[in-house]
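What follows is a short report on a single structure.
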Amino acid sequence: MRKFLACLIKEYLLLIRDKTGLILLFVMPLALVLLITLIQDNTFKTIKESSISLSVLNDDNDSLGNSIMSGLNRSGIFNIVHFQPNGSNTEESLQKLKMNVAEGKSQIGLYIPKYSTEVLKRQISVQIKNSIKGKQSKSNSFIQTENRIKIALFLDPAAKLSFKQTVVSTIQSYAVSIENKLIYNIFTDEIGKILPFSLPKFEESSFDELLKIEEHYPSLNTNEILPNSTQHNVPAWTLFAIFFIVIPLSGNMIRERDEGSGLRLKTMPFPHFIVLSGKIAIYLSVCLLQFSMLFLAGKFILPLFGLPALQINVDFVALFIIVVSSGLAAAGYSVLIGTLAGTQEQAAIFGSVSVMMFAAIGGIWVPTYIMPPIMRKLCIISPLNWGLEGFYDVFLRSGSVKTIVMLSVLLIAFSILTISISYIYNRIKRQ
Amino acid sequence: MINKIIDINNLSISYRSSSSPAVRNICLSIFEKDIFGLLGPNGAGKTTTISHLCGLIKKKSGNVNIFGLDSENDIEKIKKIIGFVPQEIALYKELTAWENLSFFGKIYGLQNNVLNERINFYLNLFGFQTALKKKVNEFSGGMKRRLNLIAGLLHTPEILILDEPTVGVDVQSKGLILNNLKELNRNGMTIIYTSHDLEEAQLLCNRIAIMDSGKILCEGETSELTFKYSYNNSLETVFLNLTGRSVRD
């Protein structure tokens, strides 16, 4: 125990005197969490909170055009720039709209052609009259393909695909709504001509509240935790930071080996796992400190930047277990790198690049569910994925010890495996 | 009667990275209270031999007994009675002199009071009265060498093994180191020493062995060997006569 304590004190002194290492371990992760959370904040907000610039030229100025416009306005998604149809110079206005998109001033441009409503009405009317007269329609649609209204969408090549999908689905939803309204009204008009009494006209609000979508985020217990950028990014980037102990810890091992102090230790009468245990214990404490620091930053510092505060109504025992398991996995991996690398430069480069690769595969940067199928299968080889799933279980799904126990076992097994490989490698090298 | 404390018989050591053995069937005897010089050109096998005595490298064949203990089976017991001073400055450069010695002393299992007493004693002996709280990387070359030596002495070993302990130090530091080594030897410590400084070895060692290409070329009393192999009583002449003048690196 005395020897272990001596190792702990030595490692502690070496750590606190390594200013660069301390910056790497504590300042960089804090900056990283803050930066990434700020950057990703919009992607986690409801779409109503973000603003997409949309240039619109409504040349229709009738029911269809106005309905789409009011729908786009009501959606709150778009910051709408109106282009006025300039009488006979519509083409000029359209060119200006296109230029606005081409120059990146608007992400999306929308052109609703003249007489769109008229064409729509005429088509629906013809179809309904034909139907009533018992004539067979050429297609299932009310509008003939050749007479379809062509609403044009202009997209900034730099705009995200999801923007396009949002606009298209909004337009479609309002177009269908107005189409239905017209069908209903024309149909009632035509039927009214046959019946001795008139039918009521379509009321806009009649069907509006028929379908209401409520969002829920089910968790493993009664707590419902709302997903947001803080709730996702703090655990993810904390885990990334924990694995970045690979640089100082492997560097520490290589320095000890190269500078001769490791050689002296090998000539001393004591079990050498004590030295390694001292290193792992100190760096595990670093992981716990990193986690606590980022945890508190998520709770108290991120809100100062307008970000949501980290919700901490979680199972603390489960959280502690998953942090310690992740720390052990990171320490084991660092020991392996420190053993296999020939120089500190090799360890720093290989260690950091491999952690970044593990992070990429593991879903730290991009969620695994949007990865290609092959990558989704591959993600299970990354210890960062096990840790991240554990963190998400605790932070987002209100998981308990039972939920994360398998992930913890995997992380600890990874730690044991990497340390065992290092031990075997050293034994072989010594012979 | 003087006891043989190290008995090396037909020791061979090979490295995985090399096809030829670094040490080939060497036999050596080291006696109690010897200051034994293991000399030879670069690549002779000196460091490999002492590395085996310290438990750093395994042998390929042969027998090595230290105080009757087998160099491989009883290595943990042997480590307790050996103090090793490697050629490298085997210290933590970010720790102070005191912190380094305190750490190594605790690893040797010394209790605080004994440890503090010994640290103070050796620091005084080797001229460290004022630099206890300075980090090692702020020390001069000579100070680092002296501290490196103290770290191997804290547990008062019966055998002190030194691998080129005076490389790169000034005359004053070298004098202090050699005088203290003689003093330690007078107090009963057996010293095994490698060096390229033959004049220093001739002054310090009562017995020497000259190695080359993994073999022992000669072994015996320093005075006997200089008499036998040299016309001018110089160890350097003995060395050159036996190992030749060609560059080895």
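Chain naming here is simple, since letters A, B, ... match the order of the sequence lines and numbering starts at 1 in each.
- Scored by the ring pair (Phe, Tyr, Trp, His ring centres under 6.0 Å) test, B:Phe67 finds no partners at all (sequence neighbours excluded).
- Atoms CZ and CD1, on A:Arg2 and B:Ile107 in that order, are 9.5 Å from each other to the nearest 0.5 Å.
- By a heavy-atom distance cut of under 4.5 Å, B:Phe84, B:Pro86, B:Glu88, B:Ile89, B:Ala90, B:Leu91, B:Tyr92, B:Lys93, B:Glu94, B:Leu95 are the residues of residues 84-95 of chain B near chain A, going up by number.
- For B:Glu76, the CD atom is densely surrounded, since the number of other residues' heavy atoms within 6.0 Å is greater than 12.
- Under a cut-off of 6.0 angstrom, the local environment of CZ in B:Phe31 is crowded, with over 12 non-hydrogen atoms contributed by other residues, nucleotides or ligands.
- The environment of A:Lys299 atom NZ is dense: over 12 non-hydrogen atoms of other residues, nucleotides or ligands sit within 6.0 angstrom.
- Rounded to the nearest 0.5 Å, atoms OG1 (A:Thr267) and CD1 (B:Ile75) are 9.5 Å apart.
- Side chain of A:Lys266 to main chain of B:Cys54: no donor-acceptor pair is present (N/O by atom type, distance under 3.5 Å, no hydrogens or angles).
- Among residues 146-155 of chain B, the residues having any heavy atom closer than 4.5 Å to a heavy atom of chain A are, in sequence order, B:Asn148, B:Ala151, B:Gly152.
- Atom NZ of B:Lys60 has 12 or fewer neighbouring heavy atoms from other residues, nucleotides or ligands inside a 6.0 Å radius.
- The stretch residues 7-36 of chain A places A:Cys7, A:Lys10, A:Leu13, A:Leu14, A:Arg17 near chain B, each with some heavy atom under 4.5 Å from a heavy atom of that chain.
- Only the side chain of B:Glu99 comes within less than 4.5 Å of a heavy atom in chain A; its backbone stays farther off.
- At a 4.5 Å heavy-atom cutoff, B:Lys59 makes no contact with chain A through either its backbone or its side chain.
- Ranked by heavy-atom pairs shorter than 4.5 Å toward chain A, the options B:Leu110, B:Ile78, B:Ile82, B:Ile13 are led by B:Leu110.
- For A:Phe295, the CZ atom counts as densely surrounded, since its 6.0 Å shell holds more than 12 non-hydrogen atoms of other residues, nucleotides or ligands.
- Atom NZ of B:Lys33 has 12 or fewer heavy atoms from other residues, nucleotides or ligands within 6.0 Å.
- Using a 4.5 Å cut-off between heavy atoms, B:Leu53 does not touch chain A at all.
- Across A:Ala6 and B:Lys106, no two heavy atoms sit closer than the pair CB-CB, 3.7 Å.
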